[in-house]
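Residues take their numbers from the sequence shown, with the count starting at 1.
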Amino acid sequence: MHPPLENGARRGAQVRCPACTRFNAPGLLCPRCDCGPVPPERYGAARMLVHAGVDRYALADRVLLLPTSMAEQLESRYARMWAHVRRLLVDVRRSEQALFLQGFEEEVEDRWVQRLPWHVPEEEPAAELEEGLHTAVPAQEPRWLAALVDVHEGTPSHAALDTVLTCLEDDGRFGCEAALALTRWRVWPHARRARVAAERIARLARAVFARFPEQGARAAVAWMRATGQAPDVDLLLALHEGLRHPDADVRFECALCLQDEDGLLAAVESTDLARAAEARRALASRGSVRLLERMASRGDADFALDVLRRLPAQAPPEALSALLAVSDRVEGGLAEALHGWARGRPFAELSPEERALWADWALARLARLSAEDALRFLEWAAAAPGADGVEETRAFVSAVSESLAREPPSLRATRFRDAAFSRFLTRTDEEDALRLHLWSREAPCTEPLLEAVLSLPSRLPWGEALAPGQGARLLMALWKGEGRERLLAPLAKVVRAWSGSSQQAVFIEAVWRRFQQHPDERTDLLATFMPWRAALWERQQAAEPDAVVCFQTWWPVEDPEQLPERVDALVRQSPPEDLSRRLKPVWKAAEVRGAAWPRATSLAVSYAAAVLSEAVRQDVDALDPEAEGFLSWFPGFRERVAAVSPTSSERSYSRDFLEDIEAHVRRIREHLERKRQREDQAREAELRRMVEASRQRDLERQRELMARQVEASPPAHDVEVAPLRTPLVLLNPRGPVQPLDLEVCFPEARLRTLLDYTRLLKVISENNDVMAVFEVHGLSVAAWTSEATAWGALLVRRPELASRFGALFQGPWG
């Protein structure tokens, strides 16, 4: 007979029942299923018969009746399947060492005994046998055990955690071990995030407490973690006993559940860093004074970080003092962690003692940290309602100033775009303003700083008040002083891009005051704040009603291309009596600007010339000297403008305006000539009137003399009385008088001009009394002969006089 094959029928002195697979005393009827006794060496054959459908009551007899060859064949087949179970049990035995509960080997064996046998082909592929006991019944126990071991290590993977959560559905050791593993302090946070079945864990913990007394402390911990309730007496007793457990992990678990300060403080000194960190966090959550004292004396950065993770925001001042003490010792000052913890309470709501601690720390430590950290703390300190009245906030402002001053310009420029920097700007004092002035002269910082100042009101959170004019004061602090030329181009760019209409009036008012108080800066102010020039001009007009003073103030400092606009505003609505005074600074400005800006200047002169031409043609006599001066000044100006190359720096004008000015000059000249002609005609008419009045007086005297002679002479009837002469007729030309008519040809003669000579001949032709005509003109016959001979010779020499004489003599006279 062959030696018996291994079939799992024996466990110590007991043998397994082939029907119900439970262990009993050998050679006896099974007390549970009434199956007859089967020899252990035939257990495999009996299981094969059960699988074939043999009734358990007849099983023992049927095994005895089996032929030996058949029994051995069935036993061999079962032993072959059991060999796979034995290999599985090796893995179970190896994993069991890392678990809390024992007996997994027997439990897995019992599980697989109930599954065996199954149908196995005669020629089973080796690959399938290696994957599991059989492809139809995969072996999941090794996977469960591996997942439990992974979870016990404290950092389980998602797959392992999911597998252990599946184990909770098992009522045996796997479920109990899963309940203990998932509630360990390292694993419980992961299990809660996975939404573990807490009620199931609580029931399994009770089962462990009842079935495995040696694991009572762990079971009590599992129950408390799952329920979150106070334990009953037996569990509480197990927890207190666990404080004296030989395993440090069990002691720590019990101390966590009981919040035992001594046990947790002992764990703080543990070499297990994770356990020490958890102990610190647990003690910090309850505000342990002993923990804070230990941290203040010898705590490091990790110690403080662990405390900060659980320290409540309403911690006592001792906690803050301890944290700030650690901050002074470690690099980085725990800035990020401290800020995260401090945000739990507004700075203004802290007690005076706490605010004083924060202020001292800000001046001594925060000022040495990065500007990013300093700005973050300033935002916290200044953001709370009522922070403006808290004196300690100033310490954070000073810390920001110091930290920014230590950083290189390129890095500092990036801080200016931080929203917290706006709070710094709202609270700067004179010393900070001096630093801002220095930073504004650094190339990387100039534009970002100017943007931050101009957009200060819009950067603050909605509803937060800003000191009136703070942004404008900062802008002027940056403007004044040395190095302003570095500021002009970036500031002009920022002003053009800025759209802060709500605060624009405040900035414009500050620029206007600077414009008034510093005449030497007006050119830079107008060039830099070009978008605000119209508003500044309105303020100039309101402050100075005299248009000439406004013009003289602005044209030297304003953009030359704006000269036409200013000239037009100066002269367009000018009263005629004030126009001459307003035109003088225009000609001066044209003299200065003509060579460099010919087109803009010529347009400005065109505007002035148009107004002057219109006023002159309205016969404003007071403007005649101004018009004469303009006519004599313009040729030189025209030459200067025409000599300038058309490739000028002017962009807004495609041509000069000399032709327009020349048209106005022509109108002015023609009007003045006509006016002079009218004046000459008026003088001639006045002269004729005076001559006629003199002649009439002479004739009247002659008549009176003749009348007296007649009265004095004796009457003589035979004397013939001479008749009276007819009145002398005097004439003037009706047509226009030309300059040639008034040219003085003979200054010493009576008939000096062509008009005098022609008039005398015309009067002689109209009067019969030639002597009377000579008498009126003060001529004798000899004088007339001499002057007529001279005029005849002159007309022969000068054809234009002869031609004009003919036209004048033949023209209309009256």
Side-chain angles (χ1 to χ4, degrees), residues 153-156 161 182-194 196 221 224-225 228 248-249 251-347 349-350 354 357-358 361-362 365-366 369-370 372-373 376-377 379-381:
E153 291 177 354
T155 56
L161 190 61
L182 290 172
T183 52
R184 298 187 68 178
W185 66 269
R186 301 176 191 266
V187 183
W188 183 241
H190 304 286
R192 283 190 301 181
R193 285 196 294 270
V196 65
V221 169
M224 280 196 67
R225 291 243 168 84
D249 202 57
R251 293 197 302 271
F252 180 62
E253 293 272 15
C254 294
L256 283 176
C257 291
L258 295 173
Q259 289 293 302
D260 182 72
E261 188 173 15
D262 292 333
L264 293 175
L265 282 173
V268 167
E269 305 297 336
S270 173
T271 56
D272 187 338
L273 299 181
R275 185 185 302 155
E278 182 65 20
R280 295 166 188 162
R281 290 192 287 267
L283 289 169
S285 64
R286 59 195 304 265
S288 172
V289 176
R290 295 164 64 187
L291 176 73
L292 296 176
E293 292 174 352
R294 187 172 300 184
M295 180 178 66
S297 61
R298 59 181 185 272
D300 56 5
D302 293 335
F303 198 136
L305 291 175
D306 292 333
V307 172
L308 282 172
R309 288 190 181 97
R310 297 283 181 84
L311 189 65
Q314 301 288 340
E318 294 79 7
L320 176 60
S321 179
L323 288 171
L324 297 183
V326 178
S327 173
D328 288 337
R329 293 197 299 267
V330 303
E331 183 166 351
L334 303 173
E336 185 175 356
L338 276 174
H339 178 260
W341 174 73
R343 285 187 305 174
R345 291 179 65 191
F347 183 71
E349 296 180 5
L350 300 179
E354 291 174 300
L357 289 173
W358 276 116
W361 175 81
R365 187 72 177 101
L366 183 60
L369 301 179
S370 69
E372 181 181 7
D373 294 329
R376 186 184 297 121
F377 272 96
E379 186 175 20
W380 164 67

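Between Glu153 and Arg186, every side-chain heavy-atom pair lies at or beyond the 4.5 Å cut-off. Between Val196 and Thr183 there is no side-chain heavy-atom pair separated by less than 4.5 Å. You'll find the side chain of Asp249 reaches within 4.5 Å of the side chain of Trp185, heavy atoms only. Looking at heavy atoms from C-beta onward, Leu256 lies in side-chain contact with Arg225 at the 4.5 angstrom threshold. Side-chain contact between Val268 and Arg294 is present, with at least one heavy-atom pair separated by less than 4.5 Å. Within the 4.5 Å cutoff, the side chain of Trp358 has heavy atoms near those of the Leu320 side chain. Residues Leu291 and Phe303 have side chains in contact (heavy-atom distance under 4.5 Å, counting atoms from C-beta outward). By the 4.5 Å heavy-atom criterion applied to side chains, Leu334 and Leu305 are counted as neighbours.
Side-chain N or O atoms of Ser321 include none that pairs as donor or acceptor with a backbone N or O of Pro317 at under 3.5 Å. Distance alone, capped at 3.5 Å, places no donor-acceptor pair between the Trp361 side chain and the Ser327 backbone. A donor-acceptor pair is defined here as one N or O able to donate and one able to accept, closer than 3.5 Å; no such pair exists between the side chain of Trp188 and the backbone of Leu182. Side-chain N or O atoms of His339 include none that pairs as donor or acceptor with a backbone N or O of Asp373 at under 3.5 Å.
In terms of heavy atoms, Ala304 sits closest to Val326 at CB-CG1, 3.7 Å. Shown here for Ala322 and Ala296, the closest heavy-atom pair between the two residues is CB-CB, 3.8 Å. Closest approach of Val330 to Ala301, counting heavy atoms only: CG1-N, 3.7 Å. Closest of all the heavy-atom pairs between Val307 and Ala284 is O-CB, 3.4 Å.
Using cut-offs of 30° and 60° for the angle between ring planes, the Trp380 and Phe347 rings count as perpendicular.
A salt bridge links Arg281 and Glu278; the closest N-O separation between the charged side-chain nitrogens and carboxylate oxygens is under 4.0 Å. For Arg345 and Glu354, the salt-bridge test passes: some basic side-chain N is under 4.0 Å from an acidic carboxylate O. Salt-bridge check for Arg251 with Asp260: failed, with every basic side-chain N at 4.0 Å or more from each acidic carboxylate O.
Considering OG of Ser288 and CE of Met295, their distance stands at 10.0 Å, rounded to 0.5 Å. Between the CD atom of Glu336 and the CG atom of Leu308 there is a distance of 11.5 Å, given to the nearest 0.5 Å. Rounding to the nearest 0.5 Å places CG of Leu283 at 5.0 Å from CG of Leu265. One finds the SG atom of Cys257 at 10.0 Å from the CZ atom of Phe252 (value rounded to the nearest 0.5 Å). The structure places OG of Ser270 at 9.5 Å from CZ of Arg280, a figure rounded to the nearest 0.5 Å. To the nearest 0.5 angstrom, Leu324 atom CG is 6.5 Å from Leu338 atom CG.
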* Begin from the C-alpha positions of Val221 and Cys254 and carry the test side-chain contact (heavy atoms from CB on, under 4.5 Å) through to its verdict. => CA-CA 7 Å; Val221 169; Cys254 294; 4.3 Å; yes
* To do: Start with the C-alpha distance between Leu323 and Trp341, add both sets of side-chain angles, then the distance that settles side-chain contact (heavy atoms from CB on, under 4.5 Å), and finish with yes or no.
  => CA-CA 11 Å; Leu323 288 171; Trp341 174 73; 4.1 Å; yes
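Sorted by first then second residue, the salt bridge (charged side-chain N to carboxylate O under 4.0 Å, His left out) pairs that include residues 313-332, not counting sequence neighbours, number zero.
More than 12 heavy-atom neighbours from other residues, nucleotides or ligands sit within 6.0 angstrom of CD on Gln259.
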